[in-house]
Protein chains: 2
Amino acid sequence: MFLSTTTNNLDAKGRISVPSDFRAVVGDGNFDGIIIWPSFDGDYLEGGGINLLEDYQKSLDMMDYYDEGRVALQRAIFAESRRLPFDSGGRVTLPKELAEYANLNGRATFVGLGRRFEIWNPEAHEARSAEVRRLARANRGRLVSINTQNGGGS
Amino acid sequence: MFLSTTTNNLDAKGRISVPSDFRAVVGDGNFDGIIIWPSFDGDYLEGGGINLLEDYQKSLDMMDYYDEGRVALQRAIFAESRRLPFDSGGRVTLPKELAEYANLNGRATFVGLGRRFEIWNPEAHEARSAEVRRLARANRGRLVSINTQNGGGS
DNA sequence: TGGGATATCATGGGTTTTCATGGGATACAA
DNA sequence: TTGTATCCCATGAAAACCCATGATATCCCA
């Protein structure tokens with residue numbers, strides 16, 4: 001599970017450290033790294049482990065073969081995604097197009113969202129956080145229903 | 001189930017003992033520690049075991065993918081939360097930002113609320129509980145609605 | 001039921017390991 | 001060659017780990 005928010009340096013070589021908490025949840029024994037693609041919702045990147053993409057694949061498999069939504073998602077996610085392996089220090093090299101897409105220069109913010117994460121320009125993320133907090137407060141009634149719905153798991 | 005209220009020391013290294021009663025209910029075999037995030041309802045912290053977050057995730061998964069409330073809640077909880085492992089003595093290291101958010105210096109109060117718990121500045125907690133008692137005397141009906149609103153924990 | 005023995009807990013301090021980061025060296029490709 | 005990607009090592013800071021101690025709570029047995 002991807003948790004918490006971390007801002008790390010993007011060096012001159014385009015390398016950036018993936019937070020160690022994130023690294024701990026992406027290993028599948030086969031590929032040691034992350035998958036990144038440009039969000040089709042804004043100027044930031046989305047990403048996750050290889051297993052996230054496999055889950056998406058399963059969801060798409062359940063859609064009709066000629067469903068235009070299926071094709072669009074395939075193109076938006078699979079075609080645009082890049083597989084970024086860790087170096088010995090737990091860093092990845094961010095392709096220039098992706099860094100430019102998200103306006104990343106010098107620093108970048110990893111945002112854990114459970115199954116997946118996002119990579120933001122720090123200022124852009126900061127600018128959006130106030131609105132997010134407002135929305136979260138507005139929707140906290142739904143969180144209450146989540147609390148009662150599961151009736152005391154812990 | 002998180003029960004009772006305990007105030008412990010926050011040392012110079014930012015470490016604080018999690019009440020042993022709380023520690024006994026958070027193990028999931030994989031991660032031995034707690035998850036903490038700033039409440040979006042006030043200057044205190046909320047927390048629970050990893051399984052609480054997993055329950056939140058399952059519930060959020062059932063909401064529509066493009067639901068703005070879903071995304072806001074994901075960001076408010078998953079992105080803001082921190083994973084704090086226990087040391088050998090059952091303590092966690094509280095990140096500075098979170099300690100500052102809740103105005104914690106020297107001491108902190110763990111408040112058990114059933115499925116989750118809260119961490120308060122002791123004086124702030126004392127002040128609030130006095131206010132809650134006052135409200136209870138002044139208006140019982142309102143106290144009842146507060147109880148249910150909190151997710152029916154005990 | 002008393003009282004000593006034992007375990008647990010909260011806390012302090014020191015040491016080791018990990019992490020994020022920088023830079024150089026090497027392989028590869030345009 | 002020139003730019004780019006990959007690999008390896010160095011380093012300071014922060015986090016995790018280990019051991020010690022006093023206080024409290026629990027247990028045990030006469």
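So that the names make sense, note that chain A is the first sequence line, chain B the second, and so on, each numbered from 1. Given the structure is predicted, the values throughout are model-derived calculations rather than measurements.
- Taking atom CG on D21(B) and atom C1' on dT26(D), their separation rounds to 14 Å, with Å as the unit.
- A distance of 13.5 Å separates OH of Y101(A) from CG of L94(A), quoted to the nearest 0.5 Å.
- Nucleotide dA10(C) holds its P atom 18 Å from the NZ atom of K13(B), rounded to whole Å.
- Across all strands shown, S20(A) has heavy atoms under 4.0 Å from sugar-phosphate atoms exclusively, and none from any base.
- The side chain of R15(A) has dG22(C) as its nearest neighbour among dG22(C), dG13(C), dT21(C).
- One atom, CZ of F110(B), and another, P of dA10(C), lie 10 Å apart when rounded to the nearest Å.
- Shown for residues 2-12 of chain A: residues whose heavy atoms fall under 4.0 angstrom of DNA chain C, namely N8(A), N9(A), D11(A).
- Nucleotide dA10(C) has dT21(D) as its partner under the Watson-Crick or G-U criteria, with both atom distances under 3.5 Å.
- Contact check of residues 83-106 of chain B against DNA chain C (heavy atom, cut-off under 4.0 Å) returns G89(B), R91(B).
- Taking CG from D43(A) and CG from N121(A), the interatomic distance works out to 9.5 Å, rounded to the nearest 0.5 Å.
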side-chain contact (heavy atoms from CB on, under 4.5 Å) evaluation trace for L113(A) with R75(B): CA-CA 6 Å; L113(A) 293 175; R75(B) 289 177 193 279; 3.8 Å; yes
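- Looking at I77(A) and F40(A), their side chains come closer than 4.5 Å, going by heavy atoms from C-beta outward.
- Two residues are said to be in side-chain contact when any heavy atoms from C-beta on lie closer than 4.5 Å; I34(B) and F22(B) fail this criterion.
- Judged purely by distance below 3.5 Å, without hydrogens or angles, the side chains of Q57(A) and D61(A) pair a donor atom with an acceptor atom.
- In summary, R115(B) and D55(B) engage in a salt bridge, as defined by a charged side-chain N under 4.0 Å from a carboxylate O.
- Proximity of V71(B) to E68(B): side-chain heavy atoms (C-beta onward) are nowhere separated by under 4.5 Å.
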